[in-house]
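Right, one structure below, let's go through it.
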Amino acid sequence: MLVTTRRHDAPVPGAGRAVVDVGTCTRAESLAHLRERLAAVGKAHLLDDRTEELIEALGRLPPALVHAAAHLINEDTDSTGYLRLFIDRASRMDAPLLPGTDTDDYGRPVTASLLLLLDAARQREPAGLATPAVRLAAHLDPAGHPQQLWATAAVTRYLDAHRTPQSAPVTAGWTSSVASRWKWVQAGWWRR
């Protein structure tokens with residue numbers, strides 16, 4: 001069994017258990033990840049002379065790198081444009097993280113990169129469903145849940161009630177579409 005934590009003070013009682021420290025990606029690993037992801041979809045040209053600066057701004061953190069790659073691909077944004085968005089988004093994060101919750105300073109880069117994906121999703125049709133869908137998904141099992149859940153009357157009612165701006169009623173087809181996008185966001189492969 002593998003258990004992960006970012007807390008260095010986490011107890012590891014019991015025989016046969018070991019702590020393995022796993023740090024951030026190296027600069028080379030980070031660059032290789034972005035190159036592979038973008039080349040796989042024919043968008044390697046989006047990496048430019050500020051890509052290494054972007055990698056450092058992201059803290060060479062795997063989740064932030066995955067989010068950035070997805071955004072570059074889906075929004076057809078180059079490294080320079082994404083870096084500008086990332087710095088702006090990170091600077092506008094109004095509340096600091098609670099003491100003790102971000103012991104390795106991972107929170108800000110990962111949160112800012114995820115918020116950029118959410119900002120992009122909010123601009124997609126059907127309008128107004130991205131935020132309530134993410135809030136709902138946060139309560140679901142991160143290991144997965146049935147796709148059919150998103151087409152249920154309960155989910156449709158929830159999304160319709162929490163959607164802004166309010167317009168045409170939410171349909172099961174829309175919720176399934178949003179669910180598909182959410183799966184891609186989680187995997188870092190979200191597409192239009």
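The basis for the numbers below is simple: all heavy atoms, side chains too, and nothing from hydrogens, waters or symmetry mates.
In this structure, OG in S79 is found 4.5 Å from CG in D48, a value given to the nearest 0.5 Å. To the nearest 0.5 Å, the span separating CG on L31 from CD1 on I55 amounts to 4.5 Å. Interatomic distance, CG of L118 versus OG of S113, reported as 11.5 Å (0.5 Å rounding). Residue L136 holds its CG atom at 10.0 Å from NE2 of H162, rounded to the nearest 0.5 Å. Considering OG1 of T80 and CG of L54, their distance stands at 9.0 Å, rounded to 0.5 Å. Atom CZ of R92 is separated from atom CG of L115 by 9.0 Å, given to the nearest 0.5 angstrom.
Between R50 and E53, some side-chain heavy-atom pair lies under the 4.5 Å cut-off. Considering only heavy atoms from C-beta on, R163 stays 4.5 Å or farther from Y158 through its side chain. With a 4.5 Å cut-off on side-chain heavy atoms, L72 and D78 do not count as touching. Side-chain contact between L38 and L47 is present, with heavy atoms from C-beta onward closer than 4.5 Å. For the pair R37 and L34, the minimum side-chain heavy-atom distance is 4.5 Å or more.
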Would D119 and L85 count as a side-chain contact (heavy atoms from CB on, under 4.5 Å) here? Give the steps. CA-CA 11 Å; D119 291 344; L85 290 171; over 6 Å; no
Check step by step if side-chain contact (heavy atoms from CB on, under 4.5 Å) holds for C25 and L65. CA-CA 10 Å; C25 296; L65 291 163; 4.2 Å; yes
Before you tell me yes or no, could you show the steps for W150 and T156 under side-chain contact (heavy atoms from CB on, under 4.5 Å), namely the whole-Å CA-CA distance, both residues' side-chain angles and the distance that decides it to 0.1 Å? CA-CA 7 Å; W150 291 89; T156 301; over 6 Å; no
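With sequence neighbours excluded, no residue satisfies side chain to side chain contact (heavy atoms under 4.5 Å, CB included) with H139.
L149 and V155 get closest at one heavy-atom pair: O-CG2, 3.3 Å. Nearest heavy-atom pair, L61 versus T24, reported as atom, atom and distance to 0.1 Å: CD2-CG2, 3.5 Å. Across all non-hydrogen atoms, the minimal contact from H45 to D76 is NE2-OD1, 4.2 Å. The two residues H67 and L114 make their nearest non-hydrogen contact at ND1-N, 3.5 Å. The two atoms that bring A57 and L83 nearest to each other are CB-CD1, 3.8 Å, heavy atoms only. The two residues L58 and Y82 have their closest heavy-atom pair at CD2-CE2, 4.3 Å.
Looking at D88 and R84, no side-chain N of the basic residue comes within less than 4.0 Å of a carboxylate O on the acidic one, giving no salt bridge. The pair R27-E56 meets the salt-bridge criterion, since a charged nitrogen lies less than 4.0 angstrom from a carboxylate oxygen.
E36 places no side-chain N or O within 3.5 Å of a backbone atom of H33 that could act as its donor or acceptor partner.
Of the N and O atoms on the side chains of R122 and T131, at least one donor lies less than 3.5 Å from an acceptor on the other residue.
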